[in-house]
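Note sheet for the following structure.
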Protein chains: 2
Amino acid sequence: MAGRQGQGGGAGEKGGGLDFPRPLTTVDIVIFTIRQEALHVLLVRRGHAEGEPFPDAFALPGGFVDVARDADLAACARRKLVEKTGVVSPYLEQLGSWGSATRDPRGWSATHAYFALIPASAAEAALAADARWFALDATGVKPKLAFDHAEILQAAVQRLRSKVEYTSLPAFLMPEEFTLPELQRTYEIVLDRALEKSAFRTRMLSADLIEPIAKMRKGPNRPAQLYRLKAAAAPVYFARTFNAPE
Amino acid sequence: MAGRQGQGGGAGEKGGGLDFPRPLTTVDIVIFTIRQEALHVLLVRRGHAEGEPFPDAFALPGGFVDVARDADLAACARRKLVEKTGVVSPYLEQLGSWGSATRDPRGWSATHAYFALIPASAAEAALAADARWFALDATGVKPKLAFDHAEILQAAVQRLRSKVEYTSLPAFLMPEEFTLPELQRTYEIVLDRALEKSAFRTRMLSADLIEPIAKMRKGPNRPAQLYRLKAAAAPVYFARTFNAPE
DNA sequence: CTAAGTAAGTTGGACAGTACAACTAAGTGT
DNA sequence: ACACTTAGTTGTACTGTCCAACTTACTTAG
């Protein structure tokens, strides 16, 4: 077996090597949003039909790849996201895949996990539309999740945090119009630590990411300049991370 | 379908939703190494047995997940890497997954791609042990690769390059003992651009990554201090990227 | 009406790490 | 002896963060 190669490996190979057990294949999506000054994930409560594992448990939204309908994995993820939240074009990135013999009691299964960032308004709409949906604090204590979804969620939070250190990802969590302090607060919520006000301003304004609009946000105090994402909404990579105080 | 959730979606669902077509599931590994002052990938030439797609084409090493032997995806990737290169514990990271209806003529298939970094000596050993193995320049023109492996390879190069900007990953491409200029050259090969000598030194020496050993490398010129990786060989994340000249 | 309070946004000095170039050190080949 | 090469150091300029103090604009209490 030492020299096995290409797509020809595996047990019970015969006539092309296709007639042996295939893993179950699913796609799951970790949908992040900001609610109540905290990072939340959208979860669905599972049903309790005959044969369904983890009845009534919370789970990441997702499901089996539909070989007949989904051209590829990304299309499958987009389909599920749109079907479920109605969000048109949020940030959607592949997170990784988890596969093992034991993660699903029904057999060897592999899931392709994606993570999405949506603004609070879209999250509220999704929650209002379907009573099975819940939003939970992504970093706090959570109820037992179905499958290995707790592990996937933890990986998603980690990935999000590490990317937020040097990218503009939190901008995708913002409403269309926002102030700089609001954007900074979103960063701080995701990173769970305070950032320097003036360094944050310098960086955000010198990055080719947001642009001021001719409006101000009236608040209880001094009014604040409103900004919006520039047309090219691709994430920006900064040359260095924010300071990480000891 | 708007409210579909959990692991219960899909076409032709019946009695738990398991009796509909499952995608083929494979694991492929992009193995990088440095050869001839260039970043190389290890590829295998496919066979031309009956029913094998892409006969005689170059492909990433990999194969079907073996539901009977592989506890999980990472174990499957490790197994394939060890079986094929004999490398014990190189750097191995999940790259992502590619799945579509068309990437394999035999049907809907999804591959879980990993990428590995191995020192040149391990690569030479693997090449010498099996005549079907080849090492090709990862960034230059390549022959047509089987499946969508060209796309996966390109993604791997991109991921490697972007991580090299702010991590110590190239250290895993080095032999056990190396000099600082050799390490710098490895960075430059991967990034395909020159780096500042003194900034590179400052960064590498202040990072808790390598340690000098009581030996010097005798070369044609002035001898150079030898270093080795510190015990904790986890990748180091730097606070900022190397300068990217316009 | 005034004073205190709060948050937005600016300013300036200290500091860290990189950019760049010039330098010294130690070996080679002619 | 000399030029040549590469290892490694030194020093100045510069960029962007860190941190604290400041101004600006608005609200609320008295």
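Predicted model only: the values in this text are computed from it and were never measured. So you know, we letter chains A, B, ... as the sequences are listed, proteins then strands, and number each from 1.
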| said: For a quick check of understanding: with a heavy-atom distance under 4.0 Å over all strands, which category does Arg185(B) fall into, base, sugar-phosphate or nothing? | reply: sugar-phosphate

| query | When all nucleic acid strands are considered with a 4.0 Å heavy-atom cut-off, which category describes Lys218(B): base, sugar-phosphate, or nothing? | reply | nothing

| message | I want to confirm an ordering. Mapping Lys197(A) and Ala224(B) to their closest nucleotides on DNA chain D, which one lands closer to the 5' end? | response | Ala224(B)

| request: Please answer whether the main-chain N or O of Ser97(A) pairs with a side-chain N or O of His112(A) as donor and acceptor at a distance below 3.5 Å. | output: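 Checked: no pair found.
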
| message | Within the supplied structure, the quantity of interest is the number of heavy atoms (other residues, nucleotides, ligands) at a distance under 6.0 Å from Gln154(B) CD; does it exceed 12? | response |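 Incorrect, the count does not exceed 12.
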
Distance, rounded to the nearest Å, where [X] contributes [atom1] and [N] contributes [atom2]:
X	N	atom1	atom2	result
Met216(B)	dG27(C)	CE	P	8 Å
Leu205(B)	dT18(C)	CG	P	11 Å
Met204(A)	dA8(C)	CE	C1'	17 Å
Gln184(A)	dA7(C)	CD	C1'	12 Å
Leu180(A)	dT10(C)	CG	C1'	13 Å
Leu195(B)	dC20(C)	CG	P	11 Å
Phe200(A)	dA8(C)	CZ	P	12 Å
Arg217(B)	dT5(D)	CZ	P	21 Å

| query | For Asp28(B) and Arg103(B), which heavy atoms make the closest approach, and how far apart are they? | reply |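 Closest approach of Asp28(B) to Arg103(B): OD2-NH2, 4.2 Å.
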
Where the side chain of [X] is concerned, which of [options] is the nearest nucleotide?
X	options	answer
Arg222(B)	dC26(D), dT17(D), dG8(D)	dG8(D)
Asn221(B)	dA7(D), dT6(D), dA8(C)	dT6(D)
Ser198(B)	dG11(D), dA8(C), dA7(D)	dG11(D)
Glu196(B)	dT18(C), dG8(D), dC20(C)	dC20(C)

| field | Distance under 6.0 Å and angle within 45° of ring axis: Arg46(A) vs Phe58(A) | value | no

| Short side-chain N/O contact from Arg203(B) to OP1 or OP2 of dT18(C), under 4.0 Å |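 For dT18(C), OP1 or OP2 has a side-chain N or O of Arg203(B) closer than 4.0 Å.
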
| query | Are Gln225(B) and Tyr227(B) linked by a side-chain donor-acceptor pair shorter than 3.5 Å? | reply |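 Per modelled atom types, Gln225(B) and Tyr227(B) side chains form no pair under 3.5 Å.
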
